[in-house]
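It should be emphasised that the depicted structure is a prediction, and the values quoted were computed from it without experimental measurement. For the single chain, residues carry numbers from 1 onward in sequence order.
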Amino acid sequence: MGEEAPVFHVESVALESKDCLQNSIDIGDKTYVISISDDPKSSISIKILDKLTLTWVVPTVLGSHPTPTNSHVAILVNNEKILIIEKGVALNDFIWFLEVDTPFVKQQCKIKGAEVVAWSKGVISEGHTPVVISGPSGVGKGTLIAKLMKEYPSKFGFSVSHTTRFPREKEIDGVHYHFTERSKMEQEISEGKFLEFAHVHGNLYGTSIEAVESVSDQGKRCILDIDVQGARSVRASSLEAIFIFVCPPSFEELEKRLRARGTETEEQIQKRLKNARAELDQSNSPGLFDHLLINDDLEACYENLKKLLCLDDSHEDSNDSLIKDGKAIACYSILSKTNSEILLQSETNEVEKGTASLLSLNLSFLSGGAPGRTRGLKISSFN
Ligand SMILES: Nc1nc2c(ncn2[C@@H]2O[C@H](COP(=O)(O)OP(=O)(O)O)[C@@H](O)[C@H]2O)c(=O)[nH]1
Ligand SMILES: Nc1ncnc2c1ncn2[C@@H]1O[C@H](COP(=O)(O)OP(=O)(O)O)[C@@H](O)[C@H]1O
């Protein structure tokens with residue numbers, strides 16, 4: 001006696017799922033051929049067939065691509081993007097989108113004058129709203145952030161910026177900053193890898209998209225220590241964030257702290273103090289900062305920062321339990337698709353810890369996308 005099949009509403013159109021090393025998906029007059037090889041040395045290749053002229057185009061592929069694997073399924077989400085479900089990879093790495101006609105791809109096509117497609121990794125966890133902290137040099141931003149990271153190591157992650165300035169004595173490359181050459185950084189900026197960048201105190205500083213996304217991937221709240229120009233750029237970007245400006249109790253105290261830190265030459269101190277006046281003026285720009293914090297007594301200021309960040313609120317994302325053991329191996333095929341929901345069925349009989357026999361993927365709340373991650377994936381599991 002066979003088991004009764006579950007009843008799902010399947011939309012009659014666009015259920016075009018293929019399961020092999022090479023997938024082809026039709027969108028309008030084009031066929032996108034995606035070949036993912038399990039040879040780690042060979043990369044994922046995309047080819048586009050123009051069905052009207054019967055010519056092949058190899059597009060420029062942007063973004064970090066999925067882990068090579070020997071099996072995957074591809075399905076059309078809408079005319080802008082293709083969903084790729086990888087098999088045999090970790091649960092926190094199995095959902096990918098190949099963007100073929102999103103606003104970002106259209107813009108890149110114009111800039112590059114060529115056919116462009118872009119990868120974006122799907123992220124189940126919503127993460128938490130990032131926190132942008134700005135304020136003049138020497139006000140105590142680094143000190144406050146260090147206290148927060150020390151007290152809540154699993155809640156917060158620091159967005160490690162790139163900079164062309166020289167490292168200070170105790171600074172570690174990749175921890176405090178990615179110390180880099182100007183030409184290399186400018187090249188990466190032109191490749192669209194940066195969320196924002198600014199010239200500060202004579203050097204180039206910038207937040208890479210990867211710096212922010214990698215913190216969110218760990219389910220942590222991202223903290224950005226960036227200047228006022230950077231805060232303005234982030235405000236204008238698609239990244240939702242809380243913006244906090246840290247003020248000194250007085251200009252004299254700021255100068256005292258900057259000198260006492262002993263990390264700058266006199267010339268650099270003068271430059272920082274001059275810029276501090278402009279930054280303090282801009283802290284009141286309408287709509288820029290959500291909160292101003294005065295760092296007079298360090299402990300009192302830190303307590304106020306914690307209040308702003310609602311650190312007593314222990315709300316947990318409902319998706320979090322599903323990705324807690326994100327290393328469990330995913331092996332799902334597509335069971336059905338409607339406009340907003342895709343049902344995935346596990347191919348393994350033994351349901352591994354952290355996986356479920358059926359997953360429902362809700363695509364109604366997608367946000368972000370290339371050049372960063374695709375967020376807002378709601379996932380429910382059924383065993
Ligand atoms: N726009 C932008 N500013 C940054 C970034 N990283 C650091 N900054 C800012 O650059 C300024 C100088 O930083 P730093 O050289 O570490 O000196 P400090 O502020 O005196 O400790 C500070 O205002 C930082 O907030 C970044 O990625 N983007
Ligand atoms: N509330 C405070 N009172 C006195 N000194 C402080 C206070 N906050 C920070 N400092 C000191 O001021 C100096 C500058 O702080 P830092 O965190 O490096 O500033 P920023 O990251 O904003 O440039 C450091 O030596 C730090 O120990």
Side-chain angles (χ1 to χ4, degrees), residues 130-185 188 194-208 210-215 218 220-231 244-249 251-276 279 293-306 309 311:
V131 184
V132 170
I133 300 189
S134 291
S137 181
V139 75
K141 303 177 297 294
T143 308
L144 288 164
I145 293 169
K147 280 174 83 65
L148 205 57
M149 306 276 292
K150 191 170 173 213
E151 187 173 352
Y152 301 99
S154 59
K155 259 193 197 305
F156 293 96
F158 185 61
S159 156
V160 181
S161 293
H162 283 61
T163 182
T164 58
R165 87 148 158 75
F166 284 112
R168 292 177 189 146
E169 206 185 334
K170 290 192 178 134
E171 286 179 330
I172 303 165
D173 189 27
V175 174
H176 298 95
Y177 281 105
H178 296 290
F179 295 100
T180 181
E181 302 259 315
R182 184 174 287 260
S183 57
K184 186 160 180 270
M185 192 167 160
E188 290 182 350
F194 279 75
L195 176 69
E196 63 78 34
F197 63 92
H199 295 270
V200 192
H201 315 318
N203 281 298
L204 187 54
Y205 291 78
T207 310
S208 69
E210 192 56 34
V212 177
E213 299 286 14
S214 63
V215 173
Q218 298 164 42
K220 294 185 182 180
R221 193 167 188 185
C222 184
I223 305 214
L224 292 86
D225 173 348
I226 58 177
D227 86 319
V228 175
Q229 306 168 72
I244 298 173
F245 188 86
V246 186
C247 310
F251 202 80
E252 292 67 35
E253 173 65 17
L254 181 70
E255 181 166 357
K256 210 169 102 194
R257 285 183 197 170
L258 202 47
R259 287 189 188 285
R261 189 171 69 183
T263 48
E264 271 74 33
T265 62
E266 182 57 29
E267 190 193 350
Q268 286 164 341
I269 289 174
Q270 289 307 328
K271 195 178 270 181
R272 279 159 195 265
L273 288 173
K274 187 168 161 254
N275 292 341
E279 292 201 280
L293 269 183
I294 297 175
N295 183 17
D296 190 352
D297 175 73
L298 180 60
E299 290 310 318
C301 182
Y302 180 57
E303 287 308 313
N304 286 335
L305 175 63
K306 289 202 310 192
L309 300 178
L311 285 167

Asker: I'd like to know if E279 and K274 make a salt bridge, using a cut-off of under 4.0 Å between side-chain N and carboxylate O.
Answerer: no
Asker: Counting N and O atoms only, with roles assigned by atom type, does the side chain of K141 sit under 3.5 Å from a partner on the main chain of G135, one being a donor and the other an acceptor?
Answerer: yes
Asker: Measure from the side-chain N and O atoms of N295 to the backbone N and O of V139, and report whether any donor-acceptor pair falls under 3.5 Å.
Answerer: yes
Asker: May I ask you to check whether over 12 heavy atoms, not counting those of E266, lie within 6.0 Å of atom CD?
Answerer: yes
Asker: Counting only N and O atoms by type, is there a donor-acceptor contact under 3.5 Å from the side chain of K220 to the main-chain atoms of P153?
Answerer: yes
Asker: Please determine whether side-chain hydrogen bond (donor to acceptor under 3.5 Å, both in side chains) holds for the pair T164 and N203, giving the CA-CA distance in whole Å, both sets of side-chain angles, and the decisive distance to 0.1 Å.
Answerer: CA-CA 6 Å; T164 58; N203 281 298; 3.2 Å; yes
Asker: Check this for me, if you would: do R168 and E264 make a salt bridge, where the nitrogen-to-carboxylate-oxygen distance has to be below 4.0 angstrom?
Answerer: yes
Asker: Show, in sequence, the C-alpha distance, side-chain angles and deciding distance for T263 and R261, and conclude whether the side-chain hydrogen bond (donor to acceptor under 3.5 Å, both in side chains) test is met.
Answerer: CA-CA 6 Å; T263 48; R261 189 171 69 183; 2.9 Å; yes
Asker: Looking at Y302, is K147 sitting on its ring face, NZ or CZ under 6.0 Å from the six-membered ring centre and within 45 degrees of the normal?
Answerer: yes
Asker: Yes or no on side-chain contact (heavy atoms from CB on, under 4.5 Å) for L148 and V131, after CA distance, side-chain angles and deciding distance?
Answerer: CA-CA 12 Å; L148 205 57; V131 184; over 6 Å; no
Asker: Hey, does the side chain of E196 reach the backbone of T207 with a donor-acceptor pair shorter than 3.5 angstrom?
Answerer: yes
Asker: Give, for atom OG of S161 and atom CZ of F194, the distance between the pair rounded to the nearest 0.5 Å.
Answerer: 8.5 Å
Asker: Can you give me the closest heavy-atom contact between F179 and E171, atom names plus distance?
Answerer: CZ-OE1, 3.4 Å
Asker: Give, for atom OG of S159 and atom CD1 of I223, the distance between the pair rounded to the nearest 0.5 Å.
Answerer: 10.0 Å
Asker: Can you name the nearest heavy-atom pair linking D227 to S134, along with the distance?
Answerer: O-OG, 3.5 Å
Asker: Would you check, one step at a time, whether the test side-chain hydrogen bond (donor to acceptor under 3.5 Å, both in side chains) holds for D173 with H178?
Answerer: CA-CA 5 Å; D173 189 27; H178 296 290; 4.8 Å; no
Asker: Between E151 and F156, does a side-chain contact (heavy atoms from CB on, under 4.5 Å) hold up when you go through it step by step?
Answerer: CA-CA 9 Å; E151 187 173 352; F156 293 96; over 6 Å; no
Asker: Could you walk me through whether V175 and V160 pass side-chain contact (heavy atoms from CB on, under 4.5 Å), step by step?
Answerer: CA-CA 6 Å; V175 174; V160 181; over 6 Å; no
Asker: State whether K256 and E252 are salt-bridged, where the test is any N-O pair (Lys NZ or Arg NE/NH1/NH2 against Asp/Glu carboxylate O) under 4.0 Å.
Answerer: no
Asker: On a heavy-atom basis, which atom in A276 and which in F251 lie closest, and how many Å separate them?
Answerer: CB-CE1, 4.0 Å
Asker: How many angstroms lie between atom SG of C301 and atom CG of L144, to the nearest 0.5 angstrom?
Answerer: 4.5 Å
Asker: Drop me the distance from L204's CG to H162's NE2, to the nearest 0.5 angstrom.
Answerer: 10.5 Å
Asker: Before accepting this row, confirm whether a basic side-chain N of the pair E255/R272 lies closer than 4.0 Å to the acidic partner's carboxylate O.
Answerer: no
Asker: Keeping the roles fixed (side chain from Q268, backbone from T265), state whether a donor-acceptor pair exists under 3.5 Å.
Answerer: yes
Asker: At their closest point, which heavy atom of F245 faces which heavy atom of P136, and how far apart are they?
Answerer: CZ-CD, 3.7 Å
Asker: Got a second to check how far I133's CD1 is from I226's CD1, nearest 0.5 Å?
Answerer: 10.5 Å
Asker: Is there a donor-acceptor contact under 3.5 Å from the side chain of K150 to the main chain of I145?
Answerer: no
Asker: Treating Q229 as the side-chain partner and H199 as the backbone partner, does any N or O pair qualify as donor plus acceptor under 3.5 Å?
Answerer: yes
Asker: Begin with the C-alpha distance, continue with both residues' side-chain angles, and end with the deciding distance and a verdict on side-chain contact (heavy atoms from CB on, under 4.5 Å) for I244 and L305.
Answerer: CA-CA 9 Å; I244 298 173; L305 175 63; 3.8 Å; yes
Asker: Of all the heavy-atom pairs spanning H201 and S137, show the shortest one and how long it is.
Answerer: NE2-CB, 4.1 Å
Asker: What are the two closest non-hydrogen atoms of L309 and R221, and how far apart are they?
Answerer: O-NH1, 3.4 Å
